[in-house]
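Below: one structure, written as structure tokens.
Note that the structure is predicted; figures quoted are calculated from it, not measured.
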Amino acid sequence: MIEFKNYAESMRELNRLPYDLKNAAVDGIHAALQEWMMEAKKVAPVDTSNLKNEIETEINRAEMAGELISNAYSSTGFNYAYYLHEVGSQKGYRPKKAGKSLEWLKVTNDPDRSLETVERTIVQKMRGKGW
């Protein structure tokens, strides 16, 4: 027979497991998005830095998914981030400066690196909670 020395405490910890695991996964998604954003900012075309400054992360906790969003608007409301990334890059436009890319989100997206970051973060967070 197996006996728990502190059954109530053990059950509390087991009941918290899904909550702690989900929070650790969200932290991992956040960390992966931050890494991706840092890489994307390095290769985003630069004119006034507005485009680099407008790259944001978005996490959907219900779907356990995240994405980078890059919208930069001119004074007339034109979304030139979208135009450069989705239209200009397809029309053969080139960035003004070397080492930059009009597809800054696409060329820096590394799903394997992101998955490793999420997994590493989950392990770190769960070990910190004693799992």
Side-chain angles (χ1 to χ4, degrees):
M1 172 158 72
I2 298 173
E3 290 185 38
F4 288 94
K5 293 188 184 213
N6 190 342
Y7 179 77
E9 178 63 25
S10 297
M11 290 310 298
R12 272 194 298 281
E13 290 298 317
L14 286 173
N15 288 333
R16 283 196 53 80
L17 181 59
Y19 174 80
D20 290 342
L21 191 54
K22 184 171 185 172
N23 283 340
V26 168
D27 288 348
I29 293 169
H30 178 74
L33 288 172
Q34 291 299 313
E35 287 177 358
W36 182 13
M37 184 167 52
M38 286 185 349
E39 293 303 313
K41 285 183 175 188
K42 290 177 188 175
V43 299
V46 178
D47 188 15
T48 64
S49 295
N50 189 39
L51 194 146
K52 277 179 29 174
N53 294 334
E54 294 301 321
I55 299 174
E56 299 176 345
T57 64
E58 187 173 285
I59 297 176
N60 182 327
R61 290 178 65 97
E63 294 181 11
M64 296 303 290
E67 62 183 334
L68 280 189
I69 300 168
S70 185
N71 292 308
Y73 296 93
S74 69
S75 60
T76 62
F78 176 70
N79 186 348
Y80 62 90
Y82 175 83
Y83 183 80
L84 288 174
H85 196 277
E86 302 300 325
V87 179
S89 62
Q90 300 305 310
K91 288 187 171 187
Y93 296 177
R94 300 280 177 246
K96 294 177 183 177
K97 296 182 181 178
K100 303 298 179 180
S101 172
L102 295 184
E103 296 182 305
W104 61 96
L105 297 178
K106 188 182 295 182
V107 300
T108 56
N109 184 12
D110 184 345
D112 292 335
R113 179 191 66 214
S114 294
L115 182 58
E116 288 173 12
T117 299
V118 171
E119 289 172 347
R120 183 177 58 251
T121 303
I122 290 171
V123 168
Q124 290 170 347
K125 296 287 184 173
M126 295 309 287
R127 280 191 182 147
K129 297 214 173 263
W131 290 100

- Query: Taking atom CD of Gln124 and atom CE of Met126, what is their separation to the nearest 0.5 Å?
  - Reply: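 Those atoms lie 13.0 Å apart.
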- How long is the gap from CG on Leu33 to OG on Ser114, to the nearest 0.5 Å?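 Atom-to-atom, Leu33:CG and Ser114:OG are 7.0 Å apart.
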How close do [X] and [Y] get, counting heavy atoms only, and between which atoms?
X	Y	result
Ala40	Leu68	CB-CD1, 4.3 Å
Ile29	Ala65	CD1-N, 4.0 Å
Asn60	Ala62	OD1-N, 3.0 Å
Ser101	Pro45	O-CD, 3.2 Å
Leu51	Ala44	CD2-CB, 3.7 Å

For residues 102-109, tabulate all N or O donor-acceptor pairs below 3.5 Å that involve a side-chain atom, not counting sequence neighbours.
| residue | atom | partner | partner atom | Å |
| --- | --- | --- | --- | --- |
| Glu103 | OE2 | Gln90 | NE2 | 3.3 |
| Glu103 | OE2 | Lys106 | NZ | 3.2 |
| Trp104 | NE1 | Ser70 | OG | 3.2 |
| Thr108 | OG1 | Trp36 | NE1 | 3.0 |
| Thr108 | OG1 | Trp104 | O | 2.6 |
| Thr108 | OG1 | Leu105 | O | 3.4 |

- Message: I'd like to know whether Glu67 forms a side chain to side chain contact (heavy atoms under 4.5 Å, CB included) with Thr57, so could you lay out the CA-CA distance, the side-chain angles of the two residues, the decisive distance to 0.1 Å, and finally the verdict.
- Response: CA-CA 6 Å; Glu67 62 183 334; Thr57 64; over 6 Å; no
Please enumerate all residues that pass side-chain hydrogen bond (donor to acceptor under 3.5 Å, both in side chains) together with [X], with sequence neighbours excluded.
X	answer
Arg61	Asn23
Lys42	Glu39
Arg12	Glu9

Hey, could you give me each pair passing salt bridge (Lys or Arg N to Asp or Glu O under 4.0 Å) that has a residue in [range]? Not counting sequence neighbours.
range	answer
residues 81-97	none
residues 14-26	Arg16-Asp20
residues 118-128	Asp27-Lys125, Glu35-Arg120

- Item | Beyond-backbone contact of Ile69 with Ile55, side-chain heavy atoms, under 4.5 angstrom |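 Of all side-chain heavy-atom pairs linking Ile55 with Ile69, none is under 4.5 Å.
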- Query: Is there a chain of hydrophobic side chains (I, L, V, M, F, W, Y, each step under 4.5 Å between heavy atoms) that links Met64 to Val118?
  - Reply: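 Shared cluster, yes.
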- Task: Please check if Leu115 and Met37 belong to a single hydrophobic cluster, counting links between Ile, Leu, Val, Met, Phe, Trp and Tyr side chain heavy atoms closer than 4.5 Å.
- Result: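 Different clusters: Leu115 never reaches Met37 through Ile, Leu, Val, Met, Phe, Trp or Tyr contacts under 4.5 Å.
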- Task: Sequence neighbours left out, what pairs pass ring pair (Phe, Tyr, Trp, His ring centres under 6.0 Å) with at least one residue falling in residues 39-67?
- Result: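 Residue pairs with at least one partner in residues 39-67: there are none.
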- Inter- and intrachain pairs under ring pair (Phe, Tyr, Trp, His ring centres under 6.0 Å), touching residues 106-131, at least two apart: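 Residue pairs with at least one partner in residues 106-131: there are none.
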Which side-chain N or O atoms in residues 73-80 pair as donor and acceptor under 3.5 Å with protein atoms at least two apart or in another chain?
| residue | atom | partner | partner atom | Å |
| --- | --- | --- | --- | --- |
| Ser74 | OG | Thr76 | N | 3.3 |
| Ser74 | OG | Thr76 | OG1 | 2.9 |
| Ser74 | OG | Phe78 | N | 3.2 |
| Asn79 | OD1 | Ala72 | N | 3.4 |
| Asn79 | OD1 | Ala81 | N | 3.3 |
| Asn79 | OD1 | Tyr82 | N | 3.1 |
| Asn79 | ND2 | Asn71 | OD1 | 2.8 |
| Tyr80 | OH | Asn50 | ND2 | 2.9 |

- Query: Sequence neighbours excluded, which residues qualify as salt bridge (charged side-chain N to carboxylate O under 4.0 Å, His left out) partners of Asp110?
  - Reply: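 Residues passing salt bridge (charged side-chain N to carboxylate O under 4.0 Å, His left out) with Asp110: none at all.
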